[in-house]
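Structure record follows, encoded as structure tokens.
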2 protein chains.
Amino acid sequence: MNRRSGIDSKSNILNAALKIFSEYGYRGASMRMIAHNAKISVGGLYIHFKNKEELCLTLMKKRLGDLSQELKKALEGVKNPVEAITLFITINLEYAKRHKELILTQSKERGFTFGLGLKRSFFKKQRTLIEEILKKGIDSGDFSECDVKETTKIIMGTLRGFVLSMVVDAYNLFTPEECSKLILYGLLRRNDKPANEKTNEFKGRS
Amino acid sequence: MNRRSGIDSKSNILNAALKIFSEYGYRGASMRMIAHNAKISVGGLYIHFKNKEELCLTLMKKRLGDLSQELKKALEGVKNPVEAITLFITINLEYAKRHKELILTQSKERGFTFGLGLKRSFFKKQRTLIEEILKKGIDSGDFSECDVKETTKIIMGTLRGFVLSMVVDAYNLFTPEECSKLILYGLLRRNDKPANEKTNEFKGRS
DNA sequence: CATTCATATGAACAGACGTTCAGGAATAGA
DNA sequence: TCTATTCCTGAACGTCTGTTCATATGAATG
């Protein structure tokens, strides 16, 4: 019997779980599939994780934490709200591209309440971040007056759509730039330049 | 035993299936649950539907067909592209609100290839519709020049985001007006009025 | 060498699943 | 009333599920 260290096994299992969960969803993935993919026995899984739920939760926690930190770090020094929004969108989309798998797993399942708390607190953090950017942008005159909370919800929704479209249909790989442009400028032709042109790195749409 | 007409049973089953699928997803819903909810026996299901797959497919087909027709009819007489986009968004969102259930079922599952063809052709139809509106809008000067195909993809993505946010978190009930405004005007403050003011029924964002 | 310990195995369990089928019940036409 | 047809039932089948457990392995410690 080839005996491995517990640590190796644990990370093997996590890698396998990620692969299987993202291919078959939470319900579609079986512990046997994960075990087989991790080259361990079914029983072995239960040495490292209490059960299927905990295994999936561990994966989600890690990923959401990573993204949270990445966002926070990136936005730390940024003063210009237009740039901040763009960065926010870009990082989210790129993270999504890198980790398609778990996003699918999450959006695919339901009736599994166990990820809920995690996700709620993550989205709340994201909302707060955007709200602050918006407020700054309105104060500085870059953004037009709007209901901050409402607009934040809409931006989050929009972003979720971008992410899901990308993840669901691989061919839907629109660039972060295009997404930012739509959110910032909208569809309509504008005859003016953005209010704060010097700080704006994007070409206007007219 | 109370014997009912086959037609009644079939529609009972479809209603029950809709309820159960949308609550538990395709994999999570069992034929027993559906049968119980439709007040019929398990075997009875198989009189009206070949199997679980066909049952779900029937539901999807009906819903996508309905929405398709509704969109087509609503957009028939509309000339103004701004109005058309707004209408497109509004109808989609309202349809989503009315039929949260199945949307969830669809976005929750994967590895079920069977809905794919249906969905593909539906989305293609939608894309064509938007592309035509965009082209008209650019020609008329309402919209700024843009890559029509790319922008269409983005709009579809945005819309998908709105829909999913609404459906996933019930409290995310932003109005169609707000969504349309973001897509049309964007976040940035604009100092001008939209190019074709007289035809535009929304207040500008400045 | 003997003991201890974390790690690993895979057969076994109880339950749920989709699907089938022999049989029963209600209706319609004769 | 008899028969054909349609609709329905629920036990049964085989397969899969998440989880447990008696058992075994290999390395480290004494």
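Every chain is numbered from 1 and lettered A, B, ... according to where its sequence line falls, protein lines coming before strand lines.
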Protein and nucleotides 16-20 of chain D: nitrogen or oxygen contacts under 3.5 angstrom:
| unit_1 | atom_1 | unit_2 | atom_2 | d |
| --- | --- | --- | --- | --- |
| D/dG18 | OP1 | A/A29 | O | 3.2 |
| D/dG18 | OP1 | A/K52 | NZ | 2.7 |
| D/dG18 | OP2 | A/M31 | N | 2.9 |
| D/dG18 | N7 | A/R32 | NH1 | 2.9 |
| D/dG18 | O6 | A/R32 | NH2 | 2.8 |
| D/dT19 | OP2 | A/Y46 | OH | 2.8 |
| D/dT19 | OP2 | A/K52 | N | 3.0 |
| D/dT19 | O5' | A/Y46 | OH | 3.4 |

Please list, one pair per line, the donor and acceptor atoms closer than 3.5 Å that link side chains of residues 40-47 of chain A to other protein atoms, with sequence neighbours excluded.
| unit_1 | atom_1 | unit_2 | atom_2 | d |
| --- | --- | --- | --- | --- |
| A/S41 | OG | A/G44 | N | 3.3 |

Can you tell me how far P of C/dC17 sits from CD1 of B/I34, to the nearest Å?
11 Å
Would A/K61 count as a cation-pi partner of A/F122, with NZ or CZ less than 6.0 Å from the six-membered ring centre and within 45° of the ring normal?
no
Any residue meeting side-chain hydrogen bond (donor to acceptor under 3.5 Å, both in side chains) with B/E70, in chain and number order, not counting sequence neighbours
B/R98
For D/dC8 and B/S9 - does any side-chain N or O of the residue sit under 4.0 Å from the phosphate oxygens OP1/OP2?
yes
Using atom CD1 of B/I20 as one end and atom P of C/dC17 as the other, report the distance to the nearest whole Å.
11 Å
Atom CD1 of B/I47 and atom P of C/dA22 are separated, to the nearest Å, by 15 Å
Could I get the full list of side-chain hydrogen bond (donor to acceptor under 3.5 Å, both in side chains) partners for A/E132, not counting sequence neighbours?
none
Using ring pair (Phe, Tyr, Trp, His ring centres under 6.0 Å) as the criterion, list what pairs up with A/Y95, not counting sequence neighbours.
A/H99
side-chain hydrogen bond (donor to acceptor under 3.5 Å, both in side chains) with B/K72: which residues, sequence neighbours excluded?
none
Whole-Å distance between C/dC21 C1' and B/L45 CG?
15 Å
Under 4.0 Å from OP1 or OP2 of C/dA8: is there any side-chain N or O of A/H48 that close?
yes
NE2 of A/H36 versus P of C/dG10: gap in Å, rounded?
11 Å
Atom CD1 of B/I40 and atom P of D/dT6 are separated, to the nearest Å, by 17 Å
Please report, rounded to the nearest Å, how far the P atom of C/dT9 is from the NZ atom of A/K39.
12 Å
In whole Å, I'd like the distance from the NZ atom of B/K10 to the C1' atom of D/dT6.
14 Å
